[in-house]
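Labels below follow one simple rule: chain letters A, B, ... track the order of the sequence lines, proteins then strands, and each chain is numbered from 1.
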Number of protein chains: 2
Amino acid sequence: MIETKTKILDTAERLIGERGYSATSLRHIISEAHVNLAAIHYHFGSKEDLLDELIVRKAAPVNAERLARLDRLESPTVEQVLEAFLLPMAEAADRDPQFVRLMGRMLSEGLIQGIVQKHFQPVSGRFFGALRLVLPSLSDEEFRWRAHFMAGAMAHTMCGQPLITGPGEPSGSFYSRIERLIVFLAGGFRMEEKK
Amino acid sequence: MIETKTKILDTAERLIGERGYSATSLRHIISEAHVNLAAIHYHFGSKEDLLDELIVRKAAPVNAERLARLDRLESPTVEQVLEAFLLPMAEAADRDPQFVRLMGRMLSEGLIQGIVQKHFQPVSGRFFGALRLVLPSLSDEEFRWRAHFMAGAMAHTMCGQPLITGPGEPSGSFYSRIERLIVFLAGGFRMEEKK
DNA sequence: GTCTATACTGAGATAGAC
DNA sequence: GTCTATCTCAGTATAGAC
């Protein structure tokens, strides 16, 4: 049955979103999906590959929308490039809260290295290029580092749980969170380089 | 023997720094430390508690230095508060490259939630307070989120491996990395709040 | 091609002898 | 304090039923 594969994907997505990747065993997934353990390995190969498919089916439309938005910009500002990258994700989060929860889990468990490199690389590469053009006065070295800081802030912002909790818990909608992030990042990027 | 405990700590620190926490099994640690498996549970209780002790013995002096530096500031700028927090870590990294590698591993594997909450909370709490005083024009909500973005950028900066790789690998000493980070963060914090 | 039953290996944890 | 033996649970691999 083709339904088996879907049942596994849906159940895995829910459980991993709720409990995290490491804390969700394959045996837990199969018991809730009412399928056999070996079916997971038949359809996906391994637990990691299952996760991979979960990410792909969620991220692909977001990434497509990102590129479409980027292509529409003519001579963009820093903010506009950041918006083209971040707003599609905020909108996806609005439509499907499960998605952002899953991504947050991945980030907070540090499982993204391989998966991100595989699926986000082409997209993030294009965005770094666009951002570079908008910031011609920065040295290559400085730009690389600022892009790195940005990646950290973005990744962290998607997690529900803050790494280092400040004075009270952050709140508000995902969308407003992203808008604040864009302002913050633009401020960082616009700083004059310290020599 | 008291030496057993030290041997375990040193070996665990080295192996986890090299391979990561999940990838380092207790059996691997004991074979290199030439101790018995049960000795780890006797001295530490669990693998997680062992990690906890590793962090504490490394982080305690850094945190003490952070607070000392903060206390020395009279009417600080944003940059000075950030320096008080970040430079002690940069100096520790200079003296002991193992330390920053271990912290990076923890962050990239998302193992910090519990440990950070336990040991960094008092320190980070004081710094958030100091930073708040320097930025009186921001709303509470906006400040919380910017602190959150900062935490993400800081955490990510300690990892050797970038989450989202940009155009080429970032390089340079840890110290210069931190200096760039401070400029970037100060720029973000100084932005006017969007209403 | 799809799925089931079952066995294998390695992990962290624990009880109890010494 | 230390060590042996054992437990439970994880992900994985395979043989074979349909």
Side-chain angles (χ1 to χ4, degrees), chain A residues 1-57 102 105-116 118, chain B residues 1-57 102 105-106 108-115 118:
Chain A
M1 287 219 267
I2 190 153
E3 206 195 328
T4 304
K5 193 169 175 176
T6 312
K7 276 198 292 186
I8 294 171
L9 280 171
D10 291 343
T11 310
E13 182 179 315
R14 180 171 55 80
L15 290 177
I16 293 175
E18 285 168 5
R19 300 151 193 272
Y21 175 77
S22 324
T24 304
S25 70
L26 295 182
R27 284 170 171 85
H28 189 177
I29 294 170
I30 61 156
S31 85
E32 298 226 354
H34 303 102
V35 299
N36 186 275
L37 177 57
I40 291 187
H41 289 94
Y42 174 74
H43 285 288
F44 303 99
S46 70
K47 188 183 182 185
E48 213 182 308
D49 290 332
L50 167 60
L51 185 67
D52 197 276
E53 280 226 24
L54 281 181
I55 299 300
V56 176
R57 79 167 179 169
L102 184 66
R105 284 290 185 183
M106 317 241 38
L107 289 160
S108 73
E109 290 186 76
L111 305 164
I112 2 32
Q113 259 87 344
I115 290 166
V116 159
K118 237 165 82 183
Chain B
M1 285 220 267
I2 190 153
E3 204 194 328
T4 303
K5 193 169 175 175
T6 313
K7 275 199 292 188
I8 294 171
L9 280 171
D10 290 342
T11 310
E13 181 178 316
R14 181 170 53 80
L15 290 178
I16 292 175
E18 285 169 4
R19 301 152 194 271
Y21 174 77
S22 324
T24 304
S25 70
L26 296 182
R27 285 169 172 85
H28 189 177
I29 295 170
I30 62 160
S31 85
E32 298 226 354
H34 303 104
V35 300
N36 186 275
L37 176 58
I40 291 186
H41 290 96
Y42 173 76
H43 284 289
F44 303 98
S46 71
K47 189 184 181 185
E48 213 182 306
D49 290 332
L50 167 60
L51 185 67
D52 197 278
E53 279 227 26
L54 281 181
I55 299 299
V56 176
R57 79 167 180 171
L102 185 66
R105 284 291 186 183
M106 318 239 40
S108 71
E109 290 186 76
L111 305 163
I112 359 38
Q113 260 86 343
I115 290 167
K118 236 165 83 183

> For B:Ile30 and B:Asn36: C-alpha separation, side-chain torsions, deciding distance, then whether side chain to side chain contact (heavy atoms under 4.5 Å, CB included) applies.
CA-CA 6 Å; B:Ile30 62 160; B:Asn36 186 275; over 6 Å; no
> Give me the one residue out of B:Arg19, B:Arg14, B:Glu18 that meets side-chain contact (heavy atoms from CB on, under 4.5 Å) with B:Thr24.
B:Arg19
> When the distance from NE2 of A:His28 to P of D:dT8 is rounded to whole Å, what number comes out?
20 Å
> Could you give the CD1-to-C1' distance, from B:Ile29 to C:dA13, as a whole number of Å?
15 Å
> Of the options D:dT4, C:dA5, C:dA13, whose atoms approach the side-chain atoms of A:Ala38 most closely?
C:dA5
> Write down the distance between CD1 (B:Ile8) and P (D:dT2), rounded to a whole number of angstrom.
8 Å
> Is it the case that the base of D:dG11 and the side chain of A:Arg27 share a donor-acceptor contact (distance under 3.5 Å, atom types as modelled)?
yes
> Is the shortest side-chain heavy-atom distance between B:Lys118 and B:Val56 below 4.5 Å?
no
> If I take atom NZ in residue B:Lys5 and atom P in nucleotide D:dT2, what distance separates them, rounded to the nearest angstrom?
11 Å
> What integer distance in Å separates B:Leu37:CG from C:dG12:P?
8 Å
> Quick one: does B:Thr11's side chain have a donor or acceptor within less than 3.5 Å of a partner on B:Ile8's backbone?
no
> Between B:Tyr42 and D:dT2, is there a side-chain N or O to OP1/OP2 distance below 4.0 Å?
no
> Distance check needed: C:dT14 P versus B:Lys47 NZ, whole Å only.
15 Å
> In residues 10-25 of chain B, which residues come under 4.0 Å of DNA chain C by heavy atom?
B:Thr24, B:Ser25
> Closest heavy-atom contact between A:His41 and A:Leu26?
CE1-CD1, 3.6 Å
> Looking at A:Glu53 and A:Phe44, would you say the former's side chain and the latter's main chain have a donor-acceptor pair under 3.5 Å?
no
> If you look at every strand shown and take non-hydrogen atoms under 4.0 Å, does B:Ile40 touch a base, only sugar-phosphate, or nothing?
nothing
> When the nearest nucleotide of DNA chain C is assigned to A:Asn36 and to B:His41 on a heavy-atom basis, which residue is associated with the more 5' position?
A:Asn36
> Using atom CG of A:Leu51 as one end and atom C1' of D:dG11 as the other, report the distance to the nearest whole Å.
14 Å
> To the nearest Å, give me how far apart NE2 (B:His43) and C1' (C:dT14) are.
16 Å
> Apply side chain to side chain contact (heavy atoms under 4.5 Å, CB included) to residues A:Leu37 and A:Arg27 and explain how you reach the verdict.
CA-CA 7 Å; A:Leu37 177 57; A:Arg27 284 170 171 85; 3.9 Å; yes
